[in-house]
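Scope of the values below: all heavy atoms of this structure, side chains included, with no hydrogens, waters or symmetry mates. Just so you know, ligand 1 is whichever comes first in the structure, and atom 1 is the first atom listed for that ligand.
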Amino acid sequence: MSHKILVTGGTGYIGSHTVVELQESGYKVIIVDDLSNSNINVLDNIEKITGVKPAFEKFNLVDSERTEDFFRRNVGIEAIIHFAASKAVGESVEKPLLYYRNNLVSMINLLECQIKFDVPNIVFSSSCTVYGQPNILPVTEETPRQDSESPYGNTKRVNEDILRDSIAANPQLTGISLRYFNPIGAHSSALIGELPSGIPNNLVPFITQTAAGIRGELKVFGDDYNTSDGSAIRDYINVVDLAKAHVVAIRRLLKGKNKTNYEVFNLGTGKGLSVLEIINKFEKATGAKLKYKIVPRRTGDIEKIWADTNLANKELGWKAEKELEETLLSAWNWEKRVREIK
Ligand code: UD1
């Protein structure tokens, strides 16, 4: 019998790609999502890719009664992947309580239900934002975490702590925090991808919308950083590579291959690229010409970060595989399809 996995936020960007990979690996998926930042049509598109429409329930995990009721009705869930969260950095600065409530209370509710209904395993969707601007690069999992510039970033750090402490107090639980660097791109079918609502905050959706003529020009936030070309550096990882790491993490927990009850892994490529390099690679990969201008730095942005991926490579046996050109092309192919899907 196939293992049953709850994927919270499973209609979202990283969630939907992970559901595809889980189903293609034979797992049975049930999604919980309140659709606050995703579209129900994603379920049909997951079915088109995998041949299976995942089970789905619409509610917000902040509602503890609904969450309990869900677990009471859905017996036999063996693991959770917890993506569901609010993720707009700027909005979190304006509405901190909304972010703390949504992101922290949902985590607490899930963990309480895990204990009450004997769901032993959880994978948490964390972020490299927990490192702030590190002094030494690349960052390993041992690099000290720092206070974030945004409530969003703090919810990632605090949720890691809530998970770590809950596991320490409940030895029947095991968990993994996956710290994502910058996920980009889309599934090669161009049936699922990122669906930014309104003006995109993130670089690659802004690039593809500019190339598609939806935005007049891309603003490059800062060319006076201490980097080779002055623009900021990130570690951009293909979303399908990232999704595959979740399947590996789930398998590790289900097979009891974890070294300790709570583990943390960086998920990146190990390579840093500047904003200007990304623009250049996008133009080369797609043949599109991008209009852009340099503007002042964006508040809260760090200068540079990229991952040390040795632990994930060695312990998980996972490695980011896709070339950047292919990834940027997949983002562009998705951009050309996205309005048909919405
Ligand atoms: C941010 C969050 C991260 C979150 C991620 C995904 C922080 C510090 N970072 O990452 O936690 O997981 O979003 O939502 O909280 N850029 C431009 N022009 C644009 C957009 C971006 O030049 O129009 C630049 C940025 O200044 C940055 C790079 O592109 O140097 C990447 O930006 P972005 O895609 O927004 O991701 P992060 O800020 O790295």
Novice: Which protein non-hydrogen atom lies closest to atom 18 (N) of ligand 1, naming both residue and atom, and how far is it?
Specialist: Lys219 O, 2.7 Å

Novice: Ser16 and side chain to side chain contact (heavy atoms under 4.5 Å, CB included): which partner among Thr11, Leu191, Asp33, Ile46?
Specialist: Ile46

Novice: Is Glu68 salt-bridged to Arg72, cutoff N-O under 4.0 Å?
Specialist: yes

Novice: Check Asn202 against ligand 1 and report side chain, backbone, both or neither, counting heavy atoms closer than 4.0 Å.
Specialist: both

Novice: Please determine whether any non-hydrogen atom of Ser127 lies less than 4.0 Å from an atom of ligand 1.
Specialist: yes

Novice: What residue and atom, counting heavy atoms only, is the protein's closest point to atom 32 (O) of ligand 1, and at what distance?
Specialist: Arg298 NH2, 3.5 Å

Novice: Below 6.0 angstrom between ring centroids: does that apply to His246 and Phe83?
Specialist: yes

Novice: List the closest protein heavy-atom neighbour of atom 8 (C) of ligand 1: residue, atom name, distance to the nearest 0.1 Å.
Specialist: Thr129 OG1, 3.7 Å

Novice: Give a yes or no on whether the backbone of Ile115 and the side-chain of Gln172 come within a donor-acceptor separation of less than 3.5 Å.
Specialist: no

Novice: Please compare Asn182, Ile207, Ile199 and report which has the shortest non-hydrogen distance to atom 10 (O) of ligand 1.
Specialist: Asn182

Novice: Residue-level breakdown please: for Tyr180 versus ligand 1, do any non-hydrogen atoms fall below 4.0 Å on the side chain, on the backbone, on both, or on neither?
Specialist: neither

Novice: Let me check something: do Ile80 and Leu253 share a hydrophobic cluster, defined by ILVMFWY side-chain heavy atoms less than 4.5 Å apart, either directly or through other members?
Specialist: no

Novice: I want to confirm something. Looking only at heavy atoms, which of Thr227, Leu203, Val295 is nearest to atom 29 (O) of ligand 1?
Specialist: Leu203

Novice: Where is the nearest protein heavy atom to atom 30 (O) of ligand 1: which residue, which atom, and how far?
Specialist: Ala232 CB, 3.2 Å

Novice: Heavy-atom contacts under 4.0 Å between Glu149 and ligand 1: side chain, backbone, both, or neither?
Specialist: neither

Novice: Would Tyr292 count as a contact residue for ligand 1, given that I'm defining contact as a non-hydrogen atom of the residue lying under 4.0 Å from a ligand atom?
Specialist: no

Novice: Heavy atom under 4.0 Å from ligand 1: found in Tyr236's side chain, backbone, both, or neither?
Specialist: side chain

Novice: Applying the side chain to side chain contact (heavy atoms under 4.5 Å, CB included) test to Lys281, which of Thr327, Leu329, Leu324 qualifies?
Specialist: Leu324

Novice: Hydrophobic cluster membership, with links at side-chain heavy-atom distances under 4.5 Å among I/L/V/M/F/W/Y: are Val20 and Tyr27 in one?
Specialist: yes

Novice: If you measure from each heavy atom of Leu218 to ligand 1, is any distance below 4.0 Å?
Specialist: yes

Novice: Is it the side chain, the backbone, both or neither of Ile278 that has a heavy atom closer than 4.0 Å to ligand 1?
Specialist: neither

Novice: May I ask you to identify the nearest protein heavy atom to atom 4 (C) of ligand 1, giving residue, atom name and distance to one decimal place in Å?
Specialist: Tyr152 OH, 3.7 Å

Novice: Look at atom 2 (C) of ligand 1 and say which protein heavy atom is nearest, naming residue and atom and giving the distance to 0.1 Å.
Specialist: Val89 CG2, 3.8 Å

Novice: In this structure, which one of Lys244, Lys322, His17, Glu326 forms a side chain to side chain contact (heavy atoms under 4.5 Å, CB included) with Asn238?
Specialist: Lys322

Novice: What atoms of ligand 1 come closer than 4.0 angstrom to any heavy atom of Val220?
Specialist: 22 (O)

Novice: Assess, by modelled atom type and distance only, whether the side chains of Glu160 and Ser177 contain a donor and an acceptor separated by less than 3.5 Å.
Specialist: no

Novice: Side chain to side chain donor-acceptor pair (under 3.5 Å) for Asp229 and Ser274? Distances and angles first, verdict last.
Specialist: CA-CA 8 Å; Asp229 61 28; Ser274 74; 2.6 Å; yes

Novice: Suppose we measure from atom 39 (O) of ligand 1 to each protein heavy atom; which comes out shortest, and what is that distance?
Specialist: Arg234 NE, 2.6 Å

Novice: Select one of side chain, backbone, both or neither to describe which atoms of Asn201 lie under 4.0 Å from any atom of ligand 1, heavy atoms only.
Specialist: backbone

Novice: I need the minimum non-hydrogen distance between Phe282 and Ala211, along with the two atoms involved.
Specialist: CE2-CB, 3.8 Å

Novice: Under 3.5 Å, N or O to N or O, is Phe221 touching ligand 1 that way?
Specialist: yes

Novice: Honestly curious: do Trp332 and Phe206 fall in one hydrophobic cluster under the side-chain, below-4.5 Å linking rule?
Specialist: yes

Novice: Can you tell me the protein heavy atom closest to atom 25 (C) of ligand 1 and the distance?
Specialist: Asp301 OD2, 3.4 Å

